[in-house]
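All figures in this text were calculated on a predicted structure; none of them were measured in a lab. A, B, ... follow the sequence lines: proteins, then strands. Residue 1 opens every chain.
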Number of protein chains: 2
Amino acid sequence: MNGKRGPSMHDVAARAGVSHQTVSRVLNDFPGIRPETRDKVLAAIEELGYRRNLAARALVTGRSHTIGMIGPEIPDIGPLSTLHAVERAARDAGLHTMMTSADPSTAHVRDALEFIVGRGVDAVVLVAQEHTVLEALDGVEVGVPVIRLLTGGEPVGEAASIDQRAGARLAVEHLIGLGHTRIQHLAGPLTFIEAQLRRDEFRDLIAQARLPELEILEGDWTTDSGFAAGASIDPRATAVFSANDDMAFGLIHALVAAGRSVPDELSVVGFDDTKTSRHSLPPLTTVRQDFEAVGRRAVELVVAHMAGELPRETGFIVPTLVERSSTAAPRA
Amino acid sequence: MNGKRGPSMHDVAARAGVSHQTVSRVLNDFPGIRPETRDKVLAAIEELGYRRNLAARALVTGRSHTIGMIGPEIPDIGPLSTLHAVERAARDAGLHTMMTSADPSTAHVRDALEFIVGRGVDAVVLVAQEHTVLEALDGVEVGVPVIRLLTGGEPVGEAASIDQRAGARLAVEHLIGLGHTRIQHLAGPLTFIEAQLRRDEFRDLIAQARLPELEILEGDWTTDSGFAAGASIDPRATAVFSANDDMAFGLIHALVAAGRSVPDELSVVGFDDTKTSRHSLPPLTTVRQDFEAVGRRAVELVVAHMAGELPRETGFIVPTLVERSSTAAPRA
DNA sequence: AGACTGGCTGTGACCGGTCACAGTGACGCG
DNA sequence: CGCGTCACTGTGACCGGTCACAGCCAGTCT
């Protein structure tokens with residue numbers, strides 16, 4: 001028991017009058033320890049305030065029981081909620097999380113990966129919303145499983161994503177069902193796979209319904225960009241499908257400021273169901289994404305990997321439509 | 001170089017034809033190594049794809065270069081932004097972060113502390129918005145510095161906070177300056193120190209200006225609770241100071257739904273400057289909190305601690321007022 | 001009685017780094 | 001020429017756990 005470093009297993013062993021190995025066995029719940037021995041050890045641990053050194057443990061076992069998370073530098077609500085869900089799910093599974101961030105450039109993601117793997121994690125969970133992030137994984141062997149999050153496009157065992165096309169379908173079919181025929185799309189930045197998928201589905205649906213194709217606008221997810229897009233809305237449009245809630249808010253602001261009313265003159269549907277959308281003016285009709293489920297799924301995959309199971313088809317997480325007051329039937 | 005575990009320092013040493021110690025020296029930038037030796041080592045590292053085992057390093061040095069973060073179970077924008085800022089600042093300082101969450105009960109926070117300290121972090125950063133969280137620290141000696149975040153009330157070396165009273169003052173004085181005399185306050189949950197401080201400052205200012213004291217409402221930070229509070233707004237009030245933006249949104253929704261107009265009949269000022277407040281209807285006048293600065297400050301404190309410096313008076317981080325369109329002079 | 005089993009516990013090597021302490025050879029100087 | 005100095009490199013112990021492998025001491029079986 002040398003000064004600063006706190007008691008070690010040997011100190012506990014000495015105090016309890018057993019060997020260090022017995023202490024180890026007690027700590028790891030090995031069967032076949034006499035209850036009275038176990039109690040002695042437990043008492044010694046308590047008295048000394050012993051805390052196991054996980055660095056030593058990790059060194060010899062080669063596993064750290066930690067999952068590394070890599071998220072975007074400036075996180076949106078999606079990644080943020082998801083990563084937090086991962087953290088909670090991991091804790092429930094007896095795992096820890098460690099977090100680092102990287103901007104989406106391939107080089108940076110690769111650095112972050114190097115960094116977090118070097119830190120000795122057992123698995124990596126990577127928010128991969130953009131192709132550049134995915135590319136960072138190409139040809140890189142890090143020795144631990146890497147689970148991709150929120151790519152939107154892979155219902156496979158190595159990724160946990162929400163079905164973006166299904167979400168877009170929900171939004172657009174809602175609009176079409178209301179009777180809208182001239183629908184415009186305000187897309188997210190198309191470097192995002194999710195933005196691409198929502199746009200693709202929008203296009204397909206419009207074509208399929210043989211509706212006129214209005215120009216597709218592109219924002220950057222921010223309320224400001226939605227506001228800016230307000231100036232480019234097609235005068236013929238009666239409805240807009242915004243690729244996220246924030247842009248929808250900005251758009252509505254611009255529209256109302258220009259004297260147009262929502263939903264009377266123009267319907268707007270968002271995507272995300274952020275907590276403000278419930279009480280925005282007007283309350284926003286939007287597509288709800290269950291980020292919590294994504295986080296849990298990711299941890300399930302990690303656990304399966306650690307148990308040596310093969311990745312399997314896990315299926316998408318399915319979004320739902322939340323109807324509120326920003327959409328209505330077009331005026332006759 | 002045994003199968004699964006990847007190459008070790010000895011493997012690199014063998015490959016480069018030097019001793020493991022020389023490899024260590026190269027890795028740690030020790031002076032006095034012949035450039036040609038260094039190059040050989042670097043080359044060997046590259047060829048072998050060597051990655052230093054940080055568990056081993058942590059074991060012998062007793063430091064992990066990691067800071068542990070404890071945040072709330074369901075994080076608001078403040079904690080979330082702050083923790084993310086900590087993460088970035090830490091990375092810039094060559095430190096890593098590890099995150100766990102805990103609900104605010106004293107017992108849970110204590111568990112989380114135990115957990116993260118046992119994980120071998122060099123310092124802990126704890127989001128302590130409620131008294132119960134702070135109490136978890138009483139009489140607990142964990143052996144590493146614990147920095148408190150967002151308590152709102154301590155401009156000292158062990159904490160990084162935003163001056164809540166100054167923020168509230170900004171909001172209330174703005175309203176008074178506009179000519180309002182009957183101002184109501186929608187407080188946050190009073191278990192939050194920040195909510196208490198905003199309320200206290202509000203009260204003091206109202207008393208100081210000898211204005212009528214209207215009932216103080218209490219919400220739970222959510223838009224829903226703000227909406228609910230709409231029913232309890234005093235009919236005499238011409239302005240409301242909401243303790244955060246989200247509740248302000250809910251409140252405005254309720255007000256407008258009840259036929260009252262903002263800001264013509266009633267001014268509303270929020271707190272936080274969330275990204276939607278810029279384009280809500282009407283755009284929200286609010287108090288901006290620089291969470292990024294809090295995160296940076298926290299890491300500065302950690303670094304100072306690790307360098308053995310004494311905690312010193314660091315001062316508050318000062319919020320600012322963002323004037324938008326939800327406030328106006330009262331109608332004559 | 002002797003061998004065997006099984007429950008429980010102890011011994012020592014080892015994980016992969018860092019630290020403290022020695023070397024080693026080249027060079028300068030008296 | 002001998003010695004000290006300096007620049008550079010090597011040696012072995014050690015951090016605190018876990019693992020593989022004994023040991024030990026009942027009780028049971030033949």
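- Residues A:R57 and A:L27 fail the side-chain proximity criterion, which asks for heavy atoms closer than 4.5 Å.
- Taking the charged nitrogens against the carboxylate oxygens, A:E87 and A:R91 do have a contact shorter than 4.0 Å, which makes a salt bridge.
- The side chain of A:T22 contributes an N or O atom lying less than 4.0 Å from OP1 or OP2 of C:dG10.
- The shortest non-hydrogen separation linking B:A55 to A:L59 is CB-N, 3.9 Å.
- Note on A:R34: every side-chain N or O is 4.0 Å or more away from OP1 and OP2 of C:dC8.
- The closest side-chain heavy-atom distance from B:T97 to B:L83 is not below 4.5 Å.
- Note that the two end axes of the helix from C:dA1-D:dT30 to C:dG30-D:dC1 enclose an angle of 60°, each drawn from 5 base pairs, rounded to 10 degrees.
- Taking only side-chain nitrogens and oxygens, A:S19 comes nearer than 4.0 Å to OP1 or OP2 of C:dG10.
- Atom C1' of nucleotide C:dT18 and atom CG of B:L27 are separated by 11 Å, given to the nearest angstrom.
- Looking at B:H20, its side chain comes within 3.5 Å of the base of C:dT18 through a donor and an acceptor atom.
- Evaluation of the ring-ring contact (aromatic ring centres under 6.0 Å, His included) test over residues 85-108 of chain A, restricted to residues two or more places apart or in two chains, returns A:H96-B:F115.
- By the 30° and 60° cut-offs, the orientation of the rings of B:F192 relative to B:W221 is perpendicular.
- Following rounding to the nearest Å, A:D11 (CG) and D:dC15 (C1') show an atom-to-atom distance of 13 Å.
- Put simply, CE on B:M9 is 15 Å from C1' on D:dT11, counting in whole angstrom units.
- Dashed line: the shortest gap from a side-chain N or O of B:T61 to OP1 or OP2 of C:dC19 is not under 4.0 Å.
- Using a 4.0 Å cut-off, some side-chain N or O of B:N28 falls inside it from OP1 or OP2 of C:dT18.
- OP1 or OP2 of C:dT18 lies within a sub-4.0 Å distance of a side-chain N or O belonging to B:S24.
- Rounded to whole Å, the distance from CG on A:L54 to P on C:dC15 is 20 Å.
- A salt bridge does not link A:D138 to A:R110: none of the charged nitrogens lies less than 4.0 Å from a carboxylate oxygen.
- Between A:I162 and A:F316, the closest heavy-atom pair is C-CD2, 4.0 Å.
- Residue contacts for A:I33: at a heavy-atom cut-off of 4.0 Å it reaches the sugar-phosphate backbone alone, with no base atom in range.
- Along DNA chain D, the nucleotide nearest to B:L59 and the one nearest to B:P35 differ in position, and the one closer to the 5' end is contacted by B:P35.
- Counting to the nearest Å, the C1' atom of C:dT9 and the CG atom of A:D39 are 16 Å from each other.
- Distance CD (B:Q21) to C1' (D:dC8): 12 Å, rounded to an integer number of Å.
- Going from atom CZ of A:R38 over to atom P of C:dG7 covers 16 Å, rounded to whole Å.
- For the pair A:H10 NE2 and C:dA13 C1', the interatomic distance rounds to 12 Å; values are reported in whole Å.
- Residue B:F30 is out of contact with every strand shown, counting any heavy-atom pair closer than 4.0 Å.
- Remark on DNA chain C: of its neighbouring residues B:R52 and B:R25, the 5'-side contact belongs to B:R52, judged by nearest-heavy-atom nucleotide.
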